[in-house]
Amino acid sequence: MQMIQETADLSAYLAADEVIDHHHPLVRETAARLADGVADSYEYARAAFEFVRDAIPHSQDSGDLRVTWRASDVLEQGTGICYAKAHALAALLRAEDIPTALCYQKFEEVHGLVAVRFNGAWHRQDPRGNKPGVDAQFSLDGEQLAFTPDPELEELDYPVLYAAPHPAVLDVLKAAPDRPHLWQTLPLAL
């Protein structure tokens, strides 16, 4: 699949905003801790990916009813669904000047992940969190995402690389008082 940047300006994929708040002290502290002792930006990206994937449970898997959407809140509360975990990973990567985009897949609902830019190319990564049947790994040598769309079921990979969360995703996250409500309002398509 050929990925399409929403904007040609790579600096947009390094920007901080209300959601990807990599200027927040908790994001900066976490990034500094993860960067300590790594040799290069590739090793840092892998460490940040593994931290978000493994240390922050997917709220559905853990049964946590809280809804997070801002990167710093995901880190502080230690929970989030795929979108929120993607926001946290994007903030950690951008905090260390690694261009990071948000991207999506369509299954029964829309699923969120990120793409990182290394060696002049975008590489999708899925920090959702592993569980039986899900084995997402950080890779620049071919994708190992949590899920693979089945076109026969009308599942697909959206090709657009967003600099900020898609409004349909952000709106439902912000409006949800809890995860059960969120599950009833997740976007079915973008």
Side-chain angles (χ1 to χ4, degrees), residues 14-38 41 43-98 100-105 107 109-116 124-139 144-147 162 164-166 169-187:
L14 292 168
D17 60 25
E18 175 188 29
V19 179
I20 303 171
D21 57 344
H22 64 76
H23 56 278
H24 189 280
L26 181 57
V27 176
R28 302 305 277 179
E29 291 166 17
T30 304
R33 188 176 71 249
L34 293 170
D36 188 36
V38 299
S41 60
E43 281 187 27
Y44 172 80
R46 177 186 297 279
F49 169 84
E50 291 174 353
F51 171 77
V52 173
R53 183 194 64 193
D54 300 341
I56 300 171
H58 188 287
S59 56
Q60 180 183 4
D61 296 348
S62 68
D64 196 319
L65 299 181
R66 296 174 293 170
V67 175
T68 54
W69 53 270
R70 184 179 291 115
S72 58
D73 292 340
V74 174
L75 297 176
E76 178 188 22
Q77 296 180 36
T79 191
I81 67 166
C82 61
Y83 311 128
K85 291 181 64 147
H87 300 164
L89 180 56
L92 290 170
L93 295 172
R94 289 181 184 186
E96 292 294 316
D97 295 322
I98 298 170
T100 307
L102 299 166
C103 46
Y104 303 92
Q105 296 175 305
F107 298 99
E109 295 93 13
V110 174
H111 174 64
L113 49 153
V114 303
V116 296
R124 293 189 309 165
Q125 313 295 328
D126 192 341
R128 180 225 178 272
N130 290 339
K131 63 180 186 173
V134 175
D135 184 28
Q137 301 294 324
F138 185 85
S139 176
Q144 191 165 345
L145 306 176
F147 309 109
Y162 295 92
H166 192 284
V169 168
L170 190 55
D171 290 347
V172 298
L173 286 170
K174 284 182 162 183
D178 57 32
R179 194 176 38 79
H181 180 270
L182 177 64
W183 245 236
Q184 296 173 356
T185 59
L186 288 173

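These values consider heavy atoms only, across backbone and side chains, with no hydrogens, waters or symmetry-generated copies.
- To the nearest 0.5 Å, atoms CG (L92) and OH (Y44) are separated by 4.5 Å.
- In this structure, the separation between OG1 on T30 and CD1 on I56 is 8.0 Å, given to the nearest 0.5 Å.
- Rounding to the nearest 0.5 Å places CH2 of W183 at 4.5 Å from CD of Q60.
- Looking at R94 and I20, their side chains come closer than 4.5 Å, going by heavy atoms from C-beta outward.
- Here the side chains of I81 and H58 are in contact, with some heavy-atom distance below 4.5 Å.
- Counting heavy atoms from C-beta outward, D171 and T185 have side chains that stay 4.5 Å or more apart.
- Residues R53 and R128 fail the side-chain proximity criterion, which asks for heavy atoms closer than 4.5 Å.
- For the pair D126/H111, a side-chain contact is recorded, criterion being any heavy-atom separation below 4.5 Å from C-beta on.
- With sequence neighbours excluded, the residues that form a ring pair (Phe, Tyr, Trp, His ring centres under 6.0 Å) with Y162 are Y104, H166.
- Between Q105 and L145 the shortest side-chain heavy-atom distance falls below 4.5 Å.
- Using a 4.5 Å heavy-atom cutoff, the side chains of F51 and L75 are in contact.
- Side-chain atoms of T79 never come within 3.5 Å of backbone atoms of Q77 as a donor-acceptor pair (strictly under, hydrogens ignored).
- Considering only heavy atoms from C-beta on, L186 stays 4.5 Å or farther from V110 through its side chain.
- Distance CZ/R124 to OG/S139: 12.0 Å, rounded to 0.5 Å.
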